[in-house]
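Accompanying notes for the structure given below.
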Number of protein chains: 4
Amino acid sequence: MSVFNDVKSKTRHTIIRTASDLFYEKGYNLTGINEIIEESGIAKATLYSHFRSKEDLLLAYLDEKDQELLKSIKAFCASKPAGDEQLIAVLEFLIPFFEQEDFNGCWCIRSIAEVPRENVKVRTKIKSNKQAFRQFVLALVQSNKPELDKSQQQQLSNQLYLLYEGALTESHLQGAAWPIETSIGLLKDKLKKG
Amino acid sequence: MSVFNDVKSKTRHTIIRTASDLFYEKGYNLTGINEIIEESGIAKATLYSHFRSKEDLLLAYLDEKDQELLKSIKAFCASKPAGDEQLIAVLEFLIPFFEQEDFNGCWCIRSIAEVPRENVKVRTKIKSNKQAFRQFVLALVQSNKPELDKSQQQQLSNQLYLLYEGALTESHLQGAAWPIETSIGLLKDKLKKG
Amino acid sequence: MSVFNDVKSKTRHTIIRTASDLFYEKGYNLTGINEIIEESGIAKATLYSHFRSKEDLLLAYLDEKDQELLKSIKAFCASKPAGDEQLIAVLEFLIPFFEQEDFNGCWCIRSIAEVPRENVKVRTKIKSNKQAFRQFVLALVQSNKPELDKSQQQQLSNQLYLLYEGALTESHLQGAAWPIETSIGLLKDKLKKG
Amino acid sequence: MSVFNDVKSKTRHTIIRTASDLFYEKGYNLTGINEIIEESGIAKATLYSHFRSKEDLLLAYLDEKDQELLKSIKAFCASKPAGDEQLIAVLEFLIPFFEQEDFNGCWCIRSIAEVPRENVKVRTKIKSNKQAFRQFVLALVQSNKPELDKSQQQQLSNQLYLLYEGALTESHLQGAAWPIETSIGLLKDKLKKG
DNA sequence: GATGAATGAGAGTTCATTCAT
DNA sequence: TATGAATGAACTCTCATTCAT
């Protein structure tokens with residue numbers, strides 16, 4: 001039984017990994033099902049036995065990517081000393097992230113540009129991803145800024161999130177790291193002076 | 001003669017307007033040439049006598065949109081009293097912008113998600129659009145913060161640009177205006193205390 | 001397994017046969033993919049799963065036609081008594097060939113008129129077809145004229161090939177069999193008198 | 001009046017020359033009307049005021065080319081001493097012809113591959129061109145072989161014509177001059193030994 | 001007589017998906 | 001479960017031709 005599931009899971013995961021790489025590199029609409037199955041080394045019908053549609057693959061990709069990210073950034077921040085440094089770490093995380101060879105911006109923002117407005121499933125998934133990320137940032141603020149009241153914590157958390165998103169998107173668009181540095185600068189000012 | 005040119009210009013402009021609306025609403029790849037010509041009320045070959053390819057239409061769309069935007073935001077800022085208020089206006093501009101019924105985020109960021117990495121033409125156009133916008137922001141900073149030195153002006157300009165981009169992208173993604181307010185808050189802090 | 005292969009082969013061969021008939025009758029450029037699939041009774045995507053492009057179909061057509069031809073003419077010549085008669089048979093073969101209802105000249109010569117000069121693939125295929133034919137003629141000369149030296153055999157072979165090609169092309173162009181008779185006459189003279 | 005006609009003729013002739021070059025180089029179907037007008041430097045409607053259709057241009061092209069050819073080959077043969085040498089000259093003419101940089105085979109044979117079987121106009125034109133050529137060859141035989149009877153003259157003329165056509169087509173297909181040499185060899189044998 | 005703009009019909013190709021085995 | 005074959009709908013783009021001026 002568990003062997004069965006494992007085998008199934010393995011194939012399924014191979015597909016997700018392949019699709020993820022391709023979707024992230026080339027974009028969702030510019031990646032064909034044929035490319036995915038060729039690179040995965042499986043048959044087309046096999047893919048469709050694991051995923052009802054290409055859209056399902058997109059959802060799995062968004063899930064995979066965000067789980068990876070959350071795990072990485074949580075570890076990164078936890079490795080820093082408590083206090084402001086952990087908050088700044090959220091942005092500093094973006095530097096090695098940006099420097100990864102396959103860096104291609106934020107999959108959520110890129111994907112939202114590729115599906116129709118009516119596509120509630122995908123758009124909900126993306127919002128939920130971002131919500132989870134904001135939750136992580138808020139928790140980080142709460143544990144590192146216990147002196148602030150709830151409303152101030154929420155506000156700071158929002159600002160940090162915004163700086164993160166701006167830095168991520170702009171470093172991609174500009175093909176340069178300066179937006180990350182700019183974000184970090186803004187945050188440090190903020191933390192220092194108020 | 002001028003009649004001829006007008007006729008030509010008219011058709012051409014009709015196409016750009018139609019394509020712009022569709023590209024912005026549905027995205028580039030999800031908008032077919034057939035939709036554009038049907039909505040424009042012209043024949044397919046007419047479109048292709050005005051634009052060599054769909055990609056050319058994308059470039060025209062990016063140009064059209066950015067020219068519009070720059071004109072609007074320049075007017076909006078100029079309508080505010082000189083000083084910090086003109087800088088804040090850059091972000092405040094996003095509120096009515098966001099409230100427009102057809103608001104769908106930043107066409108540049110959305111378009112960059114839709115073309116292959118190798119597409120130098122489009123990516124260059126997008127960067128050049130953003131460069132022009134950054135130039136506008138820098139000029140605004142220079143004229144409203146003459147007391148700062150060049151390097152400080154550049155830094156502030158970068159920060160303002162980043163807040164603008166973050167607010168724009170996030171208000172779109174979240175479907176809410178709070179990222180704009182958050183950006184404005186951050187900027188006001190910065191201007192007050194630093 | 002073999003059933004699978006057979007099914008695949010069947011469809012593939014149906015396509016080639018249909019395309020061959022149409023290409024030979026109407027010409028390559030004047031035959032549309034739509035005609036081929038309609039006549040084949042298959043879907044467009046099915047065709048493109050068997051052949052990467054229309055050009056690939058052209059190559060398959062050239063191959064199919066030449067294999068058929070070589071088989072036929074070899075059988076025809078083998079049915080004649082050894083000696084000069086086998087050489088003359090090469091030209092005599094053209095008489096029933098010309099009389100076939102669907103006779104439309106030489107597919108190689110017709111095809112070479114339809115593809116751009118730069119199309120190396122097709123032009124190479126055509127040359128290779130003709131090379132195979134010349135090889136057949138040369139072998140026939142060698143086995144039926146052992147008394148000649150190599151150079152003489154080559155020369156006679158070239159002459160026979162040339163008469164074949166001229167008769168084929170001209171019987172088509174003129175819509176008459178006399179060029180074949182003329183070729184045969186010339187060859188007989190040649191064989192008789194040296 | 002004559003000025004008018006001359007102007008008209010000039011434009012018309014420019015078009016024919018341009019179309020001829022393109023048709024001969026690229027083939028009829030692969031040459032677009034747009035290319036012709038661009039290269040001619042005229043407007044599309046101007047072309048259509050001189051030629052009812054692209055087919056009419058094809059007819060003009062076939063006419064132009066054959067008139068040129070007949071003039072050239074007649075001059076070439078006339079420059080040789082009377083007798084067998086004038087007959088051989090018909091084939092020798094092909095050597096410099098083949099060596100011309102823009103040599104691309106026989107326009108008649110190439111064109112016949114490009115129009116539908118039903119196209120009587122073009123096919124008739126091509127046959128009539130070839131008929132005129134055969135007439136020229138026959139006249140040459142008659143004046144250089146007065147000792148032969150009518151039937152023999154006709155036969156020799158047909159053979160010469162066939163060798164010419166074979167050499168022309170094959171030198172093109174093979175991209176080599178040997179078919180011309182082979183044809184000449186066959187003819188010389190024939191003339192020598194009867 | 002000459003023109004630029006516009007066109008309907010069709011080209012070849014690719015897409016995500018499903019079916020039969 | 002896994003597969004190779006097949007599909008309808010859609011894609012971008014080009015053709016020879018005609019119309020209004």
Side-chain angles (χ1 to χ4, degrees), chain A residues 4 7-8 11-12 28-37 42-57, chain B residues 1 3-12 15 29-37 40-57, chain C residues 1 3-12 15 29-37 40-57, chain D residues 4 7-8 11-12 28-37 42-57:
Chain A
F4 238 65
V7 168
K8 182 179 169 179
T11 302
R12 187 185 157 84
Y28 174 64
N29 287 320
L30 297 182
T31 301
I33 290 285
N34 286 328
E35 271 175 284
I36 296 171
I37 60 161
I42 55 156
K44 200 173 281 194
T46 303
L47 187 152
Y48 276 92
S49 78
H50 284 281
F51 299 90
R52 213 175 317 177
S53 65
K54 196 188 177 190
E55 189 195 287
D56 273 18
L57 259 180
Chain B
M1 197 64 160
V3 173
F4 250 62
N5 278 327
D6 285 0
V7 168
K8 181 182 171 177
S9 293
K10 203 184 156 200
T11 302
R12 188 186 158 85
I15 297 171
N29 286 320
L30 297 180
T31 302
I33 290 286
N34 287 327
E35 268 175 288
I36 297 171
I37 62 163
S40 298
I42 56 158
K44 203 173 282 194
T46 304
L47 188 153
Y48 277 92
S49 78
H50 285 280
F51 298 90
R52 216 175 308 185
S53 66
K54 196 188 175 190
E55 189 194 288
D56 270 21
L57 259 181
Chain C
M1 197 67 155
V3 174
F4 251 63
N5 278 329
D6 284 2
V7 168
K8 182 182 170 178
S9 293
K10 203 183 155 203
T11 302
R12 190 186 156 85
I15 297 171
N29 286 321
L30 296 181
T31 301
I33 290 286
N34 286 328
E35 268 175 287
I36 296 172
I37 60 163
S40 298
I42 57 158
K44 205 173 281 196
T46 303
L47 188 153
Y48 276 92
S49 79
H50 286 280
F51 299 90
R52 214 175 311 188
S53 65
K54 196 187 176 191
E55 190 196 287
D56 271 20
L57 259 180
Chain D
F4 237 65
V7 167
K8 182 179 172 179
T11 302
R12 186 185 159 85
Y28 174 64
N29 286 320
L30 297 181
T31 301
I33 290 284
N34 285 328
E35 272 176 282
I36 296 172
I37 61 162
I42 57 156
K44 199 173 281 194
T46 305
L47 187 152
Y48 276 91
S49 78
H50 283 282
F51 298 90
R52 215 176 316 177
S53 66
K54 197 187 175 191
E55 190 195 286
D56 273 19
L57 259 180

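Lettering follows sequence order; numbering is per chain, from 1.
At whole-Å resolution of the value, CG in D:Leu57 and P in F:dC15 are 15 Å apart. Nucleotide F:dC15 holds its C1' atom 16 Å from the CD atom of D:Glu55, rounded to whole Å. Atom CG in B:Leu30 sits about 10 Å away from atom P in F:dC11, given to the nearest Å. Atom pair C:Lys10:NZ and F:dA5:P shows a separation of 14 Å (rounding to whole Å applied). Here E:dA16 presents its P atom at 11 Å from CG of B:Asn29, a figure rounded to the nearest Å. The interatomic distance linking C:Tyr48 (OH) with F:dA5 (C1') rounds to 18 Å, in whole Å. Summarising the geometry, the separation between CD1 on D:Ile33 and P on F:dC15 is reported as 10 Å, rounded to the nearest angstrom. One atom, CG of D:Asp56, and another, C1' of F:dT17, lie 13 Å apart when rounded to the nearest Å.
Within the shown strands, F:dT12 is the pairing partner of E:dA11 under the Watson-Crick or G-U definition, both distances less than 3.5 Å. Here E:dT18 sits opposite F:dA5 as a Watson-Crick or G-U wobble pair (both hydrogen-bonding atom distances under 3.5 Å).
C:Leu57 CG to C:Tyr48 OH: the interatomic distance, rounded to the nearest 0.5 Å, is 8.0 Å. Remark: C:Glu35 CD to C:Ser40 OG distance equals 11.0 Å, nearest 0.5 Å. Put simply, CG on C:Leu47 and CZ on C:Arg12 are 10.0 Å apart, with the number rounded to the nearest 0.5 Å. From C:Asn29, atom CG reaches atom CG of D:Leu30 across 5.0 Å, with rounding to the nearest 0.5 Å.
Considering only side-chain atoms of B:Ala43, the nucleotide from E:dA2, F:dG8, E:dG8 that sits closest is E:dG8.
Distances shorter than 4.0 Å separate some side-chain N or O of C:Thr46 from OP1 or OP2 on F:dT7. A sub-4.0 Å separation between OP1 or OP2 of E:dG1 and a side-chain N or O of D:Ser49 is absent. Within the structure, a side-chain polar atom (N or O) of C:Asn34 is placed less than 4.0 Å from OP1 or OP2 of E:dA11. Remark: A:His50 is in phosphate contact with F:dA2, judged by side-chain N or O atoms under 4.0 Å from OP1 or OP2.
Residues D:Ala45 and B:Ser53 each lie close to DNA chain F; by heavy-atom proximity, the contact nearer the 5' end of the strand is made by B:Ser53. Mapping A:Leu47 and C:Ile42 onto DNA chain F by nearest heavy atom places A:Leu47 closer to the 5' end of the strand.
Counting distance only, with no hydrogens placed and no angle test, the side-chain atoms of A:Lys44 and the base atoms of F:dT3 include no donor-acceptor pair under 3.5 Å. Between the base of E:dT17 and the side chain of A:Lys54 there is no donor-acceptor pair shorter than 3.5 Å.
Nearest heavy atom pair, residue D:Asn34 against residue D:Ile37, reads O-CG1, 3.2 Å.
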